[in-house]
*Asks:* 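What follows is a structure written as structure tokens; I'll ask about it next.
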Amino acid sequence: MYIIDGVAYAGEQMPIIEIIGVRPMDGNRLWIRFKTGETGVFDFSPLLNDPAFIPLQDKNIFQGVYLDNGVPCWNDGGIDISPAYLYQHAVLNQIPNAS
């Protein structure tokens, strides 16, 4: 159990995942650097048919990824993805040029 602002929550508090670097890669992948110093590669391909991410099927839009307060975003903030989700689903410690 943990308490935040006087509210008790069950379980253990998850650490805040922060992203400090992101780069688009070929094959709809993102290279990510986390504040912990870990790096990873996230394959976005399985999500591209989700209605929220369909615009990212356009390579030019996908290549326009940027960080806004540590969150990867596209289309002026109209599309984003949770850093925690990326951390959970990325293959960690891959080098950017890995195929």
*Asks:* List the atom of Ser45, the atom of Gly27, and the distance in Å for their closest heavy-atom pair.
*Replies:* OG-O, 3.5 Å
*Asks:* Is atom CG of Asn69 surrounded by more than 12 heavy atoms (other residues, nucleotides or ligands) closer than 6.0 Å?
*Replies:*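 Not buried by this count: 12 neighbours or fewer within 6.0 Å.
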*Asks:* According to a hydrophobic-cluster definition based on side-chain heavy atoms being under 4.5 Å apart (Ile, Leu, Val, Met, Phe, Trp, Tyr only), do Leu30 and Val71 belong together?
*Replies:*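 No; tracing contacts between hydrophobic side chains, which count when under 4.5 Å, never links both residues.
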*Asks:* Among Trp31, Phe44, Phe62, exactly one meets side chain to side chain contact (heavy atoms under 4.5 Å, CB included) together with Pro24. Which residue is that?
*Replies:* Phe62
*Asks:* Kindly compute the distance separating CD (Glu38) from CZ (Arg33), expressed to the nearest 0.5 Å.
*Replies:*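 Rounded to the nearest 0.5 Å, the CD-CZ separation comes to 11.0 Å.
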*Asks:* Is there a path of hydrophobic side-chain contacts, each under 4.5 Å between heavy atoms of I/L/V/M/F/W/Y residues, joining Tyr66 to Ile81?
*Replies:*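 No.
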*Asks:* Write down the atom of Gln63, the atom of Met25, and the distance for their closest heavy-atom approach.
*Replies:* NE2-O, 4.2 Å
*Asks:* Got more than 12 heavy atoms from elsewhere within 6.0 Å of CG, Asp68?
*Replies:* yes
*Asks:* Rounded to the nearest 0.5 Å, what separates atom CG in Asn75 from atom CG in Asp80?
*Replies:* 11.0 Å
*Asks:* Which heavy-atom pair separates Pro72 from Val65 by the least distance, and what is that distance?
*Replies:* CB-CG2, 4.1 Å
*Asks:* Taking all heavy atoms of Ile17 and all of Phe34, pick out the closest pair and write down the distance.
*Replies:* CG2-CD2, 3.7 Å
*Asks:* If you measure from CG on Leu48 to CD1 on Ile54, what distance do you get to the nearest 0.5 Å?
*Replies:*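 Leu48 atom CG to Ile54 atom CD1 measures 9.0 Å (nearest 0.5 Å).
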*Asks:* Quick one: closest heavy-atom pair of Asp43 and Arg29, and the distance?
*Replies:*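 That closest heavy-atom pairing would be CA-CG, 4.0 Å.
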*Asks:* Please step through side-chain contact (heavy atoms from CB on, under 4.5 Å) for the pair Leu56 and Asn28, ending with a clear verdict.
*Replies:* CA-CA 9 Å; Leu56 299 182; Asn28 298 311; over 6 Å; no
*Asks:* Look up atom OH in Tyr85 and atom CG in Leu47, then write down how far apart they are to the nearest 0.5 Å.
*Replies:* 4.5 Å
*Asks:* Which heavy atom of Pro83 sits nearest a heavy atom of Gly70, and at what distance?
*Replies:* CG-O, 3.5 Å
*Asks:* For a quick check under 3.5 Å, do Asn49 and Gln57 share a side-chain donor-acceptor pair by atom type?
*Replies:*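 Yes, because at least one side-chain N or O of Asn49 sits under 3.5 Å from a partner of the opposite role on Gln57.
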*Asks:* Donor-acceptor check, side chain of Tyr87 to backbone of Ser82, threshold 3.5 angstrom: yes or no?
*Replies:*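 No; zero donor-acceptor contacts below 3.5 Å.
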